[in-house]
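Written below as structure tokens is the structure these notes are about.
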Amino acid sequence: MTNDSLISIHDLKVYFRSNSEHARAVDGVSFEVRREETICLVGESGCGKTVSALSILGLIPTPPGEIAGGQILFADQNLLELNEADMQKIRGNHIAMVFQEPLTSLNPVFTIGDQIGEAISIHKKLEAEAVRENCIQLLTDVGISSPAQRLKDYPHQLSGGQRQRVMIAMALACDPDLIIADEPTTALDVTVQAQILQLFRSIQKIRSMSVLYITHDLGVVANIADRVYVMYAGIITEHGNTAQIFHDARHPYTQGLLASLPSRSKRGTRLHSIPGAVPNPAHKPGGCPFHPRCPYAIPTCSKEYPQMCDYGQGHLARCPVLFEGGG
Amino acid sequence: MLSFIGRSIVQKIITLFFVSIVSFLIIHLAPGKPSQVDPMNPKFTPEVVERFRKEFHLDKPLHVQYLYFYQDFFTGKTVSWKDNQSVLKKIWERFLNSLPLFIVGTIITWTLSFPIGIRSAIFRGRLYDRSATFISYLLISIPGFFFAYILIIFVVTQFHVPVIGMETFGIGETSMPHIFMDRIWHLLLPSVLGATGGIAVLSRYVRSQMLEVEGQDYIRTARAKGLPPEQVHYKHALRNALLPFVTMFGLILPGLIGGSVIIESIFSWPGMGRMAYEAILARDYPVILTVNFVSAVLVLIGTFISDILYLMVDPRIRL
Ligand SMILES: Nc1ncnc2c1ncn2[C@@H]1O[C@H](COP(=O)(O)OP(=O)(O)OP(=O)(O)O)[C@@H](O)[C@H]1O
Ligand code: SF4
Ligand SMILES: [Mg+2]
């Protein structure tokens with residue numbers, strides 16, 4: 001851990017119990033976010049990205065969820081040990097979150113102004129007029145035109161892109177140190193996606209804060225990330241800076257993801273995608289969870305849990321087979 | 001807005017027209033005739049029945065009878081076959097009797113169901129929720145009349161207060177405060193009994209609405225902002241959970257008539273429900289049809305109020 005670390009997660013385990021099943025959704029995940037950087041958490045649907053993010057804010061519904069172990073260190077305290085009242089002072093104030101579905105994530109019966117204003121006044125003692133001015137400034141910052149009028153609008157009166165901008169304005173309300181964005185562009189159409197991505201890049205620079213950006217789209221990662229964590233079936237399988245991940249991937253899963261990325265040079269050829277399906281977290285294969293789909297798998301892969309292998313300069317991959325085979 | 005109201009009123013008048021036809025047909029197609037209710041009654045000689053049929057146009061074809069009936073109805077001349085009294089006057093008296101029972105019962109039901117249901121949802125699975133669930137199902141499964149008798153016996157033996165009827169016989173001779181207290185006692189028990197079933201059902205419904213809303217994404221957003229639980233539950237969740245009840249609120253109006261037949265019978269309360277019930281047994285068509293028409297009007301007024309309320313509370317509905 002470097003001393004400019006903002007938040008670091010160690011060996012986080014989150015399980016979900018239902019009747020007889022026991023889903024290990026997040027199964028020993030470690031990562032850190034440093035000050036003023038954007039990191040990406042990337043992986044296929046169901047690998048535990050959202051669960052990891054919600055754990056940071058203490059928003060896992062328990063039951064059925066259960067934090068089975070680990071530490072989340074932020075400002076010299078372990079967030080997992082804070083009580084609810086202390087956690088409320090962190091949420092929205094120091095760490096804010098933008099969700100995937102802007103339509104369902106905004107309350108349909110309150111105005112935009114009410115919902116953003118609430119995020120401000122809960123953490124800061126301000127006069128109503130000051131809150132209003134703050135809201136207008138925030139809406140301007142996220143690129144919404146005629147913000148004073150928009151404050152009186154309800155979520156259904158805005159377009160998808162505008163709604164997500166409102167969500168971002170809400171997250172920015174208290175100038176947090178970290179914004180967690182959970183697939184914020186997945187529900188939007190392509191041109192709007194690009195604009196929102198651009199918005200994240202610019203606010204990260206202007207406000208010099210950290211962004212934890214969650215996505216399953218490597219194209220987005222290339223656009224925005226300083227560093228990348230690749231996640232598979234509840235564990236981190238590879239970590240590196242963007243260049244290492246895109247030009248020197250060392251884990252078969254990352255290589256598979258890259259090969260399935262449509263790129264200009266390969267246009268017209270058939271898309272390669274990883275055969276097989278993401279394992280159900282309640283019935284995960286033993287050993288390396290990727291072994292049923294891995295082209296390099298050897299018999300020990302299904303028995304031994306793979307260790308992280310260090311390729312130097314912070315580049316780590318959880319595949320001893322490729323590492324020993326002349327990494 | 002005005003055009004919506006205008007359109008809605010026209011629609012409802014058309015509906016009412018069809019209701020009048022259908023209810024008229026159903027009553028006349030149903031087996032049984034007024035003269036057959038009591039064939040042993042010496043007053044029902046064939047001549048009397050014949051005169052009676054003439055007088056009330058029962059010898060005419062159905063559509064002519066229909067016109068006669070609604071002509072009388074709208075000129076306020078409809079009379080009961082039983083005692084030749086004006087139906088509208090009878091209904092109005094009974095309505096005034098039912099009103100306090102209905103109002104007190106409704107207030108009790110709604111003011112208790114909501115806090116109980118909301119708390120159950122917030123503390124789901126905990127002791128409070130489980131006790132509330134248990135008691136609700138108990139109250140739903142005990143028949144109302146049985147529960148009523150237990151309560152009557154309890155109140156009469158423990159407090160020595162008579163509770164049958166609207167007031168104690170002969171109370172009119174005592175002082176004002178006495179009469180007032182007597183009225184309250186007589187009103188309270190049937191209202192509470194009428195409300196218990198309602199509370200049991202409505203609080204369950206409030207609970208499930210609240211639970212559904214608590215699972216929505218915007219509740220997670222509200223928590224992610226750092227709002228305290230009270231604000232999450234009572235502002236963000238409650239406001240959404242209440243929306244469907246706005247519709248229900250308009251639909252309780254017809255309960256004025258049908259909602260209380262059993263309670264009114266047990267307590268000998270001279271209300272609308274009992275009058276309608278007795279009219280049906282006596283095949284007193286004018287009373288049945290008028291009550292029917294009045295309930296249809298109440299239903300339509302109720303839905304109209306709901307529509308207007310919905311417009312005011314749900315910003316997504318705009319005209
Ligand atoms: N509330 C819950 N109850 C039960 N299981 C859950 C719950 N939330 C998540 N899970 C389990 O955790 C696993 C990981 O879910 P998560 O939402 O973190 O995936 P994700 O990586 O965010 O996928 P996506 O790209 O689809 O959003 C799921 O497969 C699911 O089985
Ligand atoms: S450890 Fe084995 S199964 Fe896992 S990625 Fe490496 S080669 Fe494939
Ligand atoms: Mg997700």
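Convention: sequence-line order gives letters A, B, ...; per-chain numbering from 1.
Contact of A:Ala96 with chain B is not made at all, since no heavy-atom distance falls under 4.5 Å. With a threshold of 4.5 angstrom between heavy atoms, A:Leu54 approaches chain B through side-chain atoms but not through N, CA, C or O. For a residue to count as touching a neighbouring chain, one of its non-hydrogen atoms must lie under 4.5 Å from one of that chain's; by this rule A:Met167 touches chain B with the side chain only. Within the 4.5 angstrom heavy-atom criterion, no atom of B:Ile219 approaches chain A.
When the candidates B:Ala224, B:Gly125, B:Ala222, B:Pro228 are compared by the number of heavy-atom contacts under 4.5 Å with chain A, B:Ala224 comes out ahead. Across A:Ile122, A:Val98, A:Ile90, the residue that shares the most heavy-atom pairs under 4.5 angstrom with chain B is A:Ile122.
Heavy-atom minimum distance, A:Pro108 versus B:Pro315: O-CG, 3.5 Å.
Within 6.0 Å of the OH atom in B:Tyr128, the count of heavy atoms belonging to other residues, nucleotides or ligands exceeds 12.
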Hey, can you dump all donor-acceptor pairs under 3.5 Å between chain B and chain A, distances included?
unit_1: B:Asp217; atom_1: OD2; unit_2: A:Thr104; atom_2: OG1; d: 2.6
unit_1: B:Tyr218; atom_1: N; unit_2: A:Thr104; atom_2: O; d: 3.1
unit_1: B:Thr221; atom_1: OG1; unit_2: A:Ser105; atom_2: O; d: 2.7
unit_1: B:Ala224; atom_1: O; unit_2: A:Gly92; atom_2: N; d: 3.2
unit_1: B:Lys225; atom_1: O; unit_2: A:His123; atom_2: NE2; d: 2.8
unit_1: B:Lys225; atom_1: NZ; unit_2: A:Gln115; atom_2: O; d: 2.9
unit_1: B:Lys225; atom_1: NZ; unit_2: A:Glu118; atom_2: OE1; d: 2.6
unit_1: B:Lys235; atom_1: NZ; unit_2: A:Asp114; atom_2: OD1; d: 3.0
unit_1: B:Lys235; atom_1: NZ; unit_2: A:Glu118; atom_2: OE2; d: 2.8
unit_1: B:His236; atom_1: O; unit_2: A:Asn107; atom_2: ND2; d: 3.3
unit_1: B:His236; atom_1: ND1; unit_2: A:Asn107; atom_2: ND2; d: 3.0
unit_1: B:His236; atom_1: NE2; unit_2: A:Glu118; atom_2: OE1; d: 2.9
unit_1: B:His236; atom_1: NE2; unit_2: A:Glu118; atom_2: OE2; d: 2.9
unit_1: B:Asn240; atom_1: ND2; unit_2: A:Asn107; atom_2: OD1; d: 2.7
unit_1: B:Pro315; atom_1: O; unit_2: A:His156; atom_2: NE2; d: 3.4

